[in-house]
Number of protein chains: 2
Amino acid sequence: MNRDGFMSVTIKDIAKAANVSYATVSRALSDHPDISEETKKKIKKLAKDMGYTPNIVARSLITKATKTIGLIIPDITNPFFPEVAQGVEGYAYDNGYTVLLCTTNWQIEREERYLKALRSKMVDGIIIAPAIDDISHIICHFNGGDTPVVFVTYSPDNPDCSFVATDDYKCGFMATEYLLKLGHRNIAYIGGLENSSSDRRRFEGHREALKSYGLPLRYSPMHGQFKQMSGYELTKELLIYNDIPTAILAGNDVLALGVIQAVEEFGLKVPDNVSVMGIDDISFASFDKISLTTVAQPKGEIGRLAAEIIIQKINNPQDKAPVKKVLEPRLIIRRTCRSI
Amino acid sequence: MNRDGFMSVTIKDIAKAANVSYATVSRALSDHPDISEETKKKIKKLAKDMGYTPNIVARSLITKATKTIGLIIPDITNPFFPEVAQGVEGYAYDNGYTVLLCTTNWQIEREERYLKALRSKMVDGIIIAPAIDDISHIICHFNGGDTPVVFVTYSPDNPDCSFVATDDYKCGFMATEYLLKLGHRNIAYIGGLENSSSDRRRFEGHREALKSYGLPLRYSPMHGQFKQMSGYELTKELLIYNDIPTAILAGNDVLALGVIQAVEEFGLKVPDNVSVMGIDDISFASFDKISLTTVAQPKGEIGRLAAEIIIQKINNPQDKAPVKKVLEPRLIIRRTCRSI
DNA sequence: GACATTTGCGAAAACGTTTGTTATACTTTA
DNA sequence: TAAAGTATAACAAACGTTTTCGCAAATGTC
């Protein structure tokens with residue numbers, strides 16, 4: 001009987017009504033072979049009639065499985081993440097799992113608090129897109145434990161970690177290479193958070209592509225946040241204090257949107273005066289009025305795969321071997337870049 | 001000791017180490033006044049040193065509070081919902097709650113299955129943006145129970161339901177009124193899901209606005225899904241089989257994006273030949289290349305308020321009075337509509 | 001110094017399940 | 001017909017907490 005005088009029906013109530021022990025009810029409901037078909041039928045009917053709902057937290061306490069997985073992402077507001085979230089949620093749903101959504105807003109303190117909470121709540125597994133490059137706090141939280149974790153959108157240095165990510169380095173490289181092939185030589189990079197892992201790798205890819213063409217870094221990399229506004233402001237700054245680049249590569253698509261806005265507000269045309277390119281291929285990039293040239297990640301696929309891996313790991317706890325998937329980025333040529 | 005030979009430390013372990021009863025440990029950790037400062041300090045230190053993490057599911061079993069709330073939304077991929085999700089998650093986080101993300105993909109079966117799951121998992125409250133107009137299954141699931149539910153983005157007819165929503169009728173009305181004031185008389189409506197509650201009300205607002213100007217419905221309302229592609233296809237159909245309207249009101253912004261694409265692909269200019277308007281004000285609507293005229297909902301505010309209400313209800317279960325918040329939509333004039 | 005009060009803590013029940021072991025009754029086998 | 005086997009179901013422990021009650025020692029009161 002709870003505080004409202006409302007009493008939810010438990011296995012014991014059914015036992016009483018059926019005049020059997022409650023162990024029998026439990027077994028009947030889970031189709032245990034020890035129970036006769038007759039009683040099973042009787043009990044199941046009773047359960048239905050009485051409106052029985054199993055109490056999963058009680059069950060979890062003993063089975064040590066909560067049938068929920070934690071999903072930690074930096075920012076649900078960036079259209080990139082909802083798509084991976086959809087991927088994991090879809091697969092989880094199909095397999096009887098439920099997902100706890102945790103957004104860190106790129107703050108490590110939030111990430112840590114959520115990690116602790118997820119542990120307390122005994123989630124069966126964790127899928128995490130880490131906010132920053134240093135993931136030692138994550139390792140230390142769960143390596144000793146038995147909760148599997150798979151990283152997404154990030155490939156950890158630690159060889160024991162499972163992950164699914166598209167090659168960020170290659171993203172940066174491909175994008176830059178494409179611009180170089182178009183004839184650009186003055187290419188600036190507008191990044192997001194300075195200590196973001198993926199941004200860092202994308203930038204490295206960018207730099208290496210330049211190097212492969214024998215070009216130095218002409219513009220010092222700029223960092224802010226992964227927000228349109230940040231891309232906007234950084235670009236304004238870039239345009240004011242530097243030679244105008246012929247192309248700008250943004251760390252991701254929402255930054256690119258800000259870049260475009262700033263460029264045009266500066267009186268320049270995209271792509272006529274300056275080409276701009278993004279990374280991610282968020283759905284709005286394909287909108288005709290935008291037509292952002294970008295390099296695509298298989299967002300839903302990342303999520304689905306991560307969920308698949310984690311559930312596989314949950315079901316086979318003895319198999320500790322890390323599984324690593326690196327997916328291929330795809331160049332998507334649209335209309336924000338031109339050859340010169 | 002779990003299946004991996006890894007044993008997480010429990011309150012009993014601490015009790016043993018501290019040479020006190022485990023009741024004492026429990027009380028010490030929760031700062032119960034019965035326990036001396038001295039033992040509290042000792043036990044807390046021990047807990048920390050031993051790496052104790054409370055098992056919330058065990059706690060929940062007895063306190064009947066899981067400190068988690070369920071969030072059911074139709075589609076995380078529509079930028080509208082992540083913003084309300086962010087609102088609830090932010091407030092929940094600040095108050096020690098965690099949120100279970102459930103997306104229904106507008107399917108009532110998913111909604112129902114999730115509802116059942118949330119009940120089984122003993123969430124403390126549920127925030128739901130219902131997929132369709134008929135919410136009887138939701139009522140029946142939780143009215144008998146004690147789990148508070150608040151609707152978002154939807155105002156139920158049932159006077160006992162709590163909700164926070166912006167006035168959908170008014171959204172439709174305001175948008176249409178604006179178009180009318182601009183001189184438009186041939187206005188078409190492109191909707192989303194036929195049995196969506198908000199779409200229906202928005203359409204009603206649209207029709208009433210027309211009526212207030214003495215105008216009949218010139219175009220039969222069109223329905224599809226709440227997807228850009230659907231807006232696109234519906235508009236194509238509209239343009240082919242009807243007189244060209246001077247303005248099109250879309251059921252929401254992502255539809256509007258599809259509308260624009262179709263219109264321009266048809267060889268018409270927005271807003272020169274046809275004005276188009278959306279509803280929601282998703283973040284991309286303000287992007288300069290789009291500049292979608294729309295009517296805004298306070299998305300984050302909706303989420304935050306809903307979380308606030310539900311937590312308030314969780315803490316005061318005796319207070320059964322429904323709380324209803326209807327928020328004001330705001331007309332956002334940008335550049336996809338012109339006066340004629 | 002006798003009594004009442006407070007302080008600090010332990011014993012045990014409870015939450016709603018699952019599950020290993022045991023018990024009963026019935027059937028088969030030799 | 002006795003021994004053995006096979007269904008079926010009951011008993012009880014366990015999961016990791018919180019919480020009610022009670023008890024002893026320490027403290028206060030007159």
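The figures here come from the full heavy-atom set of this structure, side chains too, leaving out hydrogens, waters and symmetry mates. Each chain gets a letter, A, B and so on, in the order its sequence line appears, and its residues count up from 1. All figures in this text were calculated on a predicted structure; none of them were measured in a lab.
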Salt bridge check, Asp31(B) against Lys40(B): does any charged N sit closer than 4.0 Å to a carboxylate O? yes
Return the value, rounded to whole Å, for the distance between atom CD1 of Ile62(A) and atom C1' of dT18(C). 4 Å
Can a cation-pi geometry be assigned to Lys324(B) and Phe163(B), taking NZ or CZ under 6.0 Å from the six-membered ring centre and within 45° of the ring axis? no
Select one nucleotide: of dT19(D), dG16(D), dT17(C), the one nearest the side-chain heavy atoms of Ala58(B). dG16(D)
Can you find a side chain N or O atom of Lys64(B) that sits less than 4.0 Å from OP1 or OP2 on dG16(C)? yes
Mind checking if Asn55(A) touches a base, just sugar-phosphate, or nothing, with heavy atoms under 4.0 Å? sugar-phosphate
Have a look at Val20(B) and say if it touches a base, only the backbone sugar-phosphate, or nothing, with a 4.0 Å heavy-atom cut-off. sugar-phosphate
Does any donor-acceptor pair link the side chain of Arg27(B) with the base of dG8(C) at a separation under 3.5 Å? no
Cationic N near anionic O, under 4.0 Å, Glu308(B) to Arg304(B): yes
Can you check the Asn19(A) CG to dC11(D) P distance for me, whole Å? 11 Å
Specify the residue among Glu37(A) and Tyr22(A) whose closest nucleotide of DNA chain D lies further upstream toward the 5′ end. Glu37(A)
Of Tyr52(A) and Lys40(B), whose closest DNA chain C nucleotide lies nearer the 5' terminus? Lys40(B)
For atom CG of Asp31(A) and atom P of dT19(C), their distance in whole Å: 14 Å
Name the residue from Thr77(B), Ile76(B), Asn78(B) that meets the side-chain contact (heavy atoms from CB on, under 4.5 Å) definition with Phe80(B). Asn78(B)
Report the distance from atom CD1 of Ile14(A) to atom C1' of dG16(C), rounded to the nearest whole Å. 12 Å
Please report, rounded to the nearest Å, how far the C1' atom of dG16(D) is from the CG atom of Asp13(B). 10 Å
Walk me through it: do Arg110(B) and Glu89(A) pass the test salt bridge (Lys or Arg N to Asp or Glu O under 4.0 Å)? CA-CA 12 Å; Arg110(B) 276 182 77 119; Glu89(A) 200 246 5; 3.2 Å; yes
Measure NE2/His32(A) against C1'/dT21(C) and give the value in whole Å, please. 12 Å
What nucleotide, of dT18(C), dC9(C), dG16(C), holds the atom closest to the side chain of Thr10(A)? dG16(C)
Side-chain N or O of Thr24(A) versus OP1/OP2 of dA9(D): is the shortest distance under 4.0 Å? no
Ile11(A) has an atom CD1; how far is it from atom C1' of dG16(C), in whole Å? 8 Å
Heavy-atom nearest nucleotide on DNA chain C for Ala23(B) versus Leu61(B): which residue maps closer to 5'? Ala23(B)
Check this for me, if you would: do Lys42(A) and Glu37(A) make a salt bridge, where the nitrogen-to-carboxylate-oxygen distance has to be below 4.0 angstrom? no
Selected nucleotide, minimal atom distance to Ser26(B) side chain, candidates dC15(C), dA9(D), dT19(D): dT19(D)
What is the separation between atom CE on Met122(B) and atom C1' on dT17(D), rounded to the nearest whole Å? 13 Å
At under 4.0 Å between heavy atoms, what does Thr39(A) touch on the DNA or RNA strands: base, sugar-phosphate, or nothing? sugar-phosphate
Within the 4.0 Å heavy-atom criterion, would you say Ser36(B) contacts the bases, only the backbone, or no part of the nucleic acid? sugar-phosphate
